[in-house]
Visitor: 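One structure is given below, represented as structure tokens, and several questions about it will come after.
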Number of protein chains: 2
Amino acid sequence: MARWQPGTRERLQQVSLELFGERGFDAVTVAEIAQRAQVTERTFYRYFADKREVLFDGQDTLVHAFVAGVGEAPAGLSPLELAAAALDRAADFFADERRSWSRARQSVIENDPALQERELLKLAALSAALSCALQERGVSNQRAGLAADLAVSVFRISFVRWIAAGEQQSMRELQRDVLETLQALTSS
Amino acid sequence: MARWQPGTRERLQQVSLELFGERGFDAVTVAEIAQRAQVTERTFYRYFADKREVLFDGQDTLVHAFVAGVGEAPAGLSPLELAAAALDRAADFFADERRSWSRARQSVIENDPALQERELLKLAALSAALSCALQERGVSNQRAGLAADLAVSVFRISFVRWIAAGEQQSMRELQRDVLETLQALTSS
DNA sequence: GTCTATAGTGCGATAGAC
DNA sequence: GTCTATCGCACTATAGAC
């Protein structure tokens with residue numbers, strides 16, 4: 001008999017999302033999560049830095065996608081075109097099967113300010129990484145910061161639409177649409 | 001002898017910024033702040049919802065300025081011009097005398113992720129309020145969200161420049177400059 | 001794996017302002 | 001008297017230290 005089951009991390013994440021969905025983030029204690037996942041409280045904190053972090057694991061793969069999108073884009077693109085390439089690349093993460101899971105997760109986040117704070121920090125980190133990648137492609141500091149913020153804004157607004165009830169369009173389509181709106185907005 | 005001195009709130013804010021600056025946000029306890037301000041820990045929490053909030057009091061006046069800037073702008077402006085009006089209006093808050101205080105505060109925030117999270121939440125609230133104000137001026141939901149994010153991004157980037165060592169330009173000038181850069185970025 | 005500091009909450013008591 | 005600021009204390013949960 002194994003002393004511990006494999007997949008502890010995944011179990012903790014799944015159990016957390018379930019409990020948060022049922023009673024809200026605040027009303028659930030780490031002790032409860034640990035108990036349901038058959039580990040001790042201490043083990044939870046071995047995997048996740050704090051209680052909120054359990055919902056934000058795996059964000060670095062998204063960051064990598066954005067950065068890779070910029071790094072692999074052809075030469076001669078404008079900052080905005082580089083940002084668009086990053087968005088296109090990141091869209092792969094949002095397959096249709098993930099929609100309902102994303103919806104559940106986002107609904108939990110929207111109901112707790114502490115989780116919103118953490119999400120915003122992750123998006124800020126994404127923007128910072130993207131800005132860095134753009135600067136490596138020769139974009140000036142200020143332009144890179146602006147373009148990165150722009151891309152993250154497009155991403156966030158598209159994501160909200162993507163998980164809206166009844167939405168059929170893919171993340172890639174939505175992002176392109178929002179980006180077009182953005183360009184129309186600033187050219188007028 | 002009065003049981004309590006007037007200006008408790010201001011005293012708590014001042015003492016907090018001092019202590020955070022000396023030893024960092026995390027190394028200072030609410031008990032210490034309260035003691036130095038001659039009140040009990042419980043009183044601190046009467047004024048501020050949590051330990052971080054003591055550094056973010058008065059942000060709503062900034063939000064009001066942005067919203068007022070949109071509300072009072074002349075008719076017929078584009079979403080981006082409305083956003084520019086809001087930025088111009090908000091610039092009044094950043095008089096030269098406040099530069100060193102802003103610098104001290106920002107330095108504390110930059111050294112603690114928890115404070116960065118709170119700052120991002122406040123900026124998100126600003127964006128949401130701005131988006132709302134834009135929609136009341138007839139801008140569509142999606143355009144309003146984008147324009148609001150844009151304005152907040154311009155604000156944030158300008159603010160960083162405004163508190164940079166040796167910077168002489170006013171917040172208004174910096175914001176206009178960044179906004180120009182933004183337009184150049186999206187029109188190409 | 002236990003022990004502890006600290007954040008943050010709930011509620012009743014109290015002192016002064018009006 | 002009422003109202004409001006403050007206190008005091010008991011309590012839970014997070015999170016980090018040993």
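Protein chains get the first letters and strands the later ones, always in sequence-line order, with residue 1 at the start of each. Values below: all heavy atoms of this structure, side chains included; hydrogens, waters and symmetry mates excluded. Bear in mind the structure is a predicted one, so any value in this text is a computation, not a measurement.
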Visitor: Look at B:Thr8 and D:dT6 and indicate whether a side-chain polar atom (N or O) is within less than 4.0 Å of OP1 or OP2.
Guide: yes
Visitor: Quick one: B:Arg23 CZ to C:dT6 C1', roughly how many Å, whole number?
Guide: 14 Å
Visitor: Starting at CZ of B:Arg46 and ending at C1' of C:dC11, how long is that distance when rounded to a whole Å?
Guide: 13 Å
Visitor: Considering only D:dC7, D:dT14, C:dA7, which nucleotide approaches the side chain of B:Thr40 most closely?
Guide: D:dC7
Visitor: Whether A:Asp92 and A:Arg172 form a salt bridge (side-chain N of Lys/Arg under 4.0 Å from carboxylate O of Asp/Glu) is what I want to check.
Guide: yes
Visitor: Can you check the A:Glu41 CD to C:dC3 C1' distance for me, whole Å?
Guide: 13 Å
Visitor: Using whole Å, report how far CZ of B:Phe44 lies from P of D:dT6.
Guide: 13 Å
Visitor: Heavy atoms under 4.0 Å, any strand shown: does A:Phe48 hit a base, just sugar-phosphate, or nothing?
Guide: nothing
Visitor: Taking CG from A:Asp50 and P from D:dG16, how many angstroms apart are they, rounded to a whole number?
Guide: 8 Å
Visitor: Inspect the contact between B:Arg103 and B:Glu110 and indicate whether a charged nitrogen and a carboxylate oxygen are less than 4.0 angstrom apart.
Guide: no
Visitor: Could you work out which one of D:dA5, C:dA7, D:dT14 sits closest to the side chain of A:Tyr45?
Guide: D:dT14
Visitor: Could you tell me how far apart A:Glu53 (CD) and D:dG16 (P) are, to the nearest whole angstrom?
Guide: 12 Å
Visitor: Between P on C:dA5 and CD on B:Glu32, what's the gap in Å once rounded to a whole number?
Guide: 14 Å
Visitor: Looking only at side chains, do B:Gln142 and A:Thr181 share a donor and an acceptor under 3.5 Å apart?
Guide: yes
Visitor: Starting from P on D:dT14, measure out to CZ on A:Arg118 and report it in whole angstrom.
Guide: 14 Å
Visitor: Tell me if the aromatic rings of B:Phe155 and B:Phe94 count as close, with their centers under 6.0 Å from one another.
Guide: yes
Visitor: Rounded to the nearest 0.5 Å, what's the gap from CG on A:Leu87 to CZ on A:Phe66? Could you check?
Guide: 5.0 Å
Visitor: For A:Ala31, which contact category applies under a 4.0 Å heavy-atom criterion: base, sugar-phosphate, or nothing?
Guide: nothing
Visitor: Between the base of D:dG16 and the side chain of A:Arg42, is there a donor and acceptor pair under 3.5 angstrom?
Guide: no
Visitor: If you only use heavy atoms from C-beta on, which nucleotide in D:dT14, D:dC7, C:dA7 is closest to the side chain of A:Lys51?
Guide: D:dT14
